[in-house]
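Structure record follows, encoded as structure tokens.
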Amino acid sequence: MTSQPVFAHNWLASPHLENPYPLFVEARQTAPIFYSPIFNLWCITRYRDVRAALMDPQRFSSKFLIRTPYTAPPKVIEALNQGYAEEQVLVNEDPPDHSRTRHLVNQAFAPRRIYGLEPQIKAITNRLIDAFIGAGQADVVAELAAPLPLAVLAELIGLPHEDLGQIKRWTEDLIMLTSTESSLERQVAGAQGSVAFQRYLEAQIAERRQTPRDDLLSTLTQFSFENGERWTDSQLISLLISVIFAGHETTTNLIGNLLLQVFGQPGLWQQLQAEPARVPDAIEEALRIDGPIRAMFRVTTEDVALDGATIPAGSQVLLLFGAANRDDEMFAEPDRFDIDRPNKEQHLGFGRGIHFCVGATLARLEARIALTTLAERIPQARLAPDYRPTYLPSLLHRGPQRLHLIWDKA
Ligand code: HEM
């Protein structure tokens with residue numbers, strides 16, 4: 001057996017959960033590519049290696065399933081079998097299938113459609129702020145950063161606003177389904193909920209096939225591939241669920257991480273009020289220094305020799321964007337939040353290459369509107385003095401669970 005660089009720390013346990021970055025530096029310096037016995041994963045930490053893996057889908061395949069719980073108990077499987085099986089669409093596809101799907105999805109996410117949502121995003125943001133502005137304090141994750149992206153996704157896809165509460169509960173069911181911490185009853189209820197969600201989407205798809213409207217769902221149902229084939233209901237349902245997942249918690253966490261960074265730098269909140277044109281710079285730097293997607297999976301299709309290590313064929317690999325984005329070979333003084341950093345846009349927070357985030361424009365737009373509207377309407381907002389961020393132990397996601405702001409009541 002060949003020796004392998006091992007790094008046996010658990011960055012999901014406190015105090016690393018709250019601040020994993022010192023551990024990532026240690027890994028990058030001592031074993032830039034390492035095997036983690038705790039997670040049974042190979043991990044890549046250097047910027048140049050993570051980027052190289054992203055640009056090499058042939059050897060670093062995306063063909064793995066995120067949601068399907070292979071080890072689910074029989075009762076859960078039984079409930080899931082009442083619905084559609086998870087299909088590998090887009091994020092779990094490799095070329096040439098991925099190229100075919102991505103070509104169509106890019107058209108559905110055309111900039112015209114995304115920028116056209118700006119008035120609705122502003123209106124939703126203002127409505128959410130109206131609900132808490134009189135209180136003089138709020139958890140802006142629960143009251144703004146979480147509800148905003150889901151409402152925007154419903155608007156984009158074309159799902160009725162009045163169904164939002166139910167859609168939210170279904171997304172929670174999906175999370176419960178894959179959480180090892182939930183009870184069997186909760187997992188079974190989660191499986192039933194996820195099948196109900198599929199049936200709901202099936203009905204929405206049928207309606208759009210019959211009577212198309214000006215929404216993303218209609219665009220997707222009308223598309224056909226070069227050979228005349230159309231997406232099946234099952235593929236469309238998997239695609240919609242992955243878009244809802246990919247675009248929901250990520251954007252919530254971007255807004256949370258961004259506000260934390262802004263309030264953490266003396267004078268920056270005031271500077272951004274005076275110069276709202278600098279908000280996009282703050283967003284890019286937040287994506288670099290503490291991005292909402294801290295890692296993504298790949299599977300090696302052959303033995304890969306990289307930076308002195310050999311990752312065996314068939315290994316699950318974690319590309320640690322969180323480590324790469326603070327690589328001092330790429331970013332000078334990487335732990336410093338600096339909106340003037342000249343190369344901040346080079347961050348890997350939205351990935352790179354063929355799977356580059358299809359929702360990046362939308363996420364940036366939502367974060368910009370959320371921050372500028374908050375700054376306009378509650379300029380005296382500040383972090384509550386006893387506030388400390390807490391995080392969920394997730395390999396992929398990173399964002400504060402709560403963010404407690406206070407201000408003087410008008
Ligand atoms: C700040 C928020 C977001 C972050 C940090 C983020 C991050 C990412 C990353 C890192 C990838 C690449 C995955 C890989 O290489 O395997 C990705 C892909 C993707 N994202 Fe996002 N995302 C965000 C928001 C959104 C939104 C709002 C949507 C949709 C409305 C979305 C939809 C997708 C989809 C569909 C893919 C798969 C693209 C493909 O495989 O070709 N994301 N995202």
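Counting convention: from 1, in listed order, for ligands and their atoms alike. On a predicted model such as this, the values are computed, not experimentally measured, just so you know.
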**Asked** Angle class for the F34/W11 ring planes (parallel below 30°, perpendicular above 60°, tilted otherwise)?
**Response** perpendicular

**Prompt:** Looking at CD1 of I289 and CG of N325, how far apart are the two atoms once the value is rounded to the nearest 0.5 Å?
**Reply:** 10.0 Å

**Proximal atoms of ligand 1 relative to I293 (non-hydrogen, under 4.0 Å)** = 5 (C), 7 (C), 10 (C)

**Message:** Can you tell me which portion of H355 lies within the under-4.0 Å heavy-atom range of ligand 1? Options are side chain, backbone, both, or neither.
**Reply:** both

**Geometric class of the H16/H9 ring pair [parallel <30°, tilted 30-60°, perpendicular >60°]** = perpendicular

**Fill in**
With heavy atoms and a 4.0 Å threshold, my read on which part of F109 contacts ligand 1 is side chain

**Message:** If we set the cut-off at 4.0 Å for heavy atoms, which region of R352 has an atom near ligand 1: side chain, backbone, both, or neither?
**Reply:** neither

**Prompt:** When the ring planes of F24 and Y21 are compared, do they come out parallel, tilted or perpendicular, using 30° and 60° as the limits?
**Reply:** perpendicular

**Item:** Proximity flag H248 to ligand 1, non-hydrogen atoms under 4.0 Å
**Value:** no

**Complete:** closest protein heavy atom to atom 26 (C) of ligand 1 is G247 CA, 3.3 Å

**Prompt:** Does S62 reach ligand 1, in the sense of a heavy atom lying below 4.0 Å from it?
**Reply:** no

**Request:** Kindly indicate, with the supporting measurements, whether the criterion salt bridge (charged side-chain N to carboxylate O under 4.0 Å, His left out) is fulfilled by D94 and R298.
**Result:** CA-CA 11 Å; D94 287 335; R298 292 293 187 267; over 6 Å; no

**Request:** Take atom CD of Q58 as the centre, draw a 6.0 Å sphere, and report whether it contains more than 12 heavy atoms from other residues, nucleotides or ligands.
**Result:** no

**Item:** Numbered atoms of ligand 1 (with element) below 4.0 Å of H98, judged on heavy atoms
**Value:** 39 (C), 40 (O), 41 (O)

**Message:** Looking at ligand 1, would G291 count as a contact under a 4.0 Å heavy-atom criterion?
**Reply:** no

**Request:** Pull out every atom of ligand 1 sitting under 4.0 Å from any heavy atom of R102, numbered as shown with elements.
**Result:** 38 (C), 39 (C), 41 (O)

**Request:** Go through ligand 1 atom by atom and flag the ones less than 4.0 Å from a non-hydrogen atom of V91.
**Result:** 37 (C), 40 (O)

**Item:** Ligand-residue contact atoms, ligand 1 with L153, heavy atoms, under 4.0 Å
**Value:** 30 (C)

**Complete:** Judged by heavy atoms only, the candidate from F350, F60, F245 nearest atom 4 (C) of ligand 1 is F350

**Message:** With a cutoff of 4.0 Å, is E366 in contact with ligand 1, counting heavy atoms of the residue only?
**Reply:** no

**S61 to T301 - nearest heavy-atom pair and separation** = CB-CG2, 3.8 Å

**Request:** For the pair W269 and F263, name the ring-plane relationship: parallel under 30°, tilted 30 to 60°, perpendicular over 60°.
**Result:** tilted

**Item:** Within 6.0 angstrom of Q210 CD, more than 12 heavy atoms from elsewhere
**Value:** no

**Prompt:** Going through the checks in order, is the side chain to side chain donor-acceptor pair (under 3.5 Å) test met by Q222 and S218?
**Reply:** CA-CA 6 Å; Q222 302 313 308; S218 303; 5.7 Å; no

**Item:** Identity and distance of the protein heavy atom lying nearest atom 13 (C) of ligand 1
**Value:** M296 CG, 3.7 Å

**Request:** If you have a sec, work out which protein heavy atom is nearest atom 14 (C) of ligand 1 and how many Å separate them, to one decimal?
**Result:** R298 NH2, 3.4 Å

**Request:** May I ask whether F321 places a heavy atom under 4.0 Å from ligand 1?
**Result:** yes

**Heavy-atom nearest neighbour of atom 36 (C) of ligand 1 within options N253, V358, L396** = V358

**Message:** Name the residue from R46, R28, R51 that meets the salt bridge (Lys or Arg N to Asp or Glu O under 4.0 Å) definition with D327.
**Reply:** R28

**Side chain proximity check, I241 to T171, heavy atoms < 4.5 angstrom** = no

**Request:** Show which atoms of ligand 1 fall inside a sub-4.0 Å distance from at least one heavy-atom site of P292.
**Result:** 1 (C), 5 (C)

**Request:** Report the nearest protein non-hydrogen atom to atom 22 (N) of ligand 1: residue, atom name, distance rounded to 0.1 Å.
**Result:** C357 SG, 3.0 Å

**Asked** Strictly under 4.0 Å, does any heavy atom of I354 approach an atom of ligand 1?
**Response** yes

**Request:** Give the contacting part of L254 toward ligand 1: side chain, backbone, both or neither, where contact means a heavy-atom distance below 4.0 Å.
**Result:** side chain

**Prompt:** Among protein heavy atoms, which sits nearest to atom 5 (C) of ligand 1, and what does the distance come to when rounded to 0.1 Å?
**Reply:** G349 O, 3.5 Å

**Asked** In terms of side-chain heavy atoms, does S62 have a donor or acceptor partner in H98 at a distance below 3.5 Å?
**Response** no

**Donor-acceptor side-chain pairing of E366 and T251 below 3.5 angstrom** = no

**Asked** For atom 24 (C) of ligand 1, which candidate among T250, L348, N106 provides the closest heavy atom?
**Response** T250

**Prompt:** To which protein heavy atom is atom 32 (C) of ligand 1 closest, and what is the distance rounded to 0.1 Å?
**Reply:** A246 CB, 3.5 Å

**Request:** Verify whether one side chain among Y200 and Q166 offers a donor that lies under 3.5 Å from an acceptor in the other.
**Result:** no

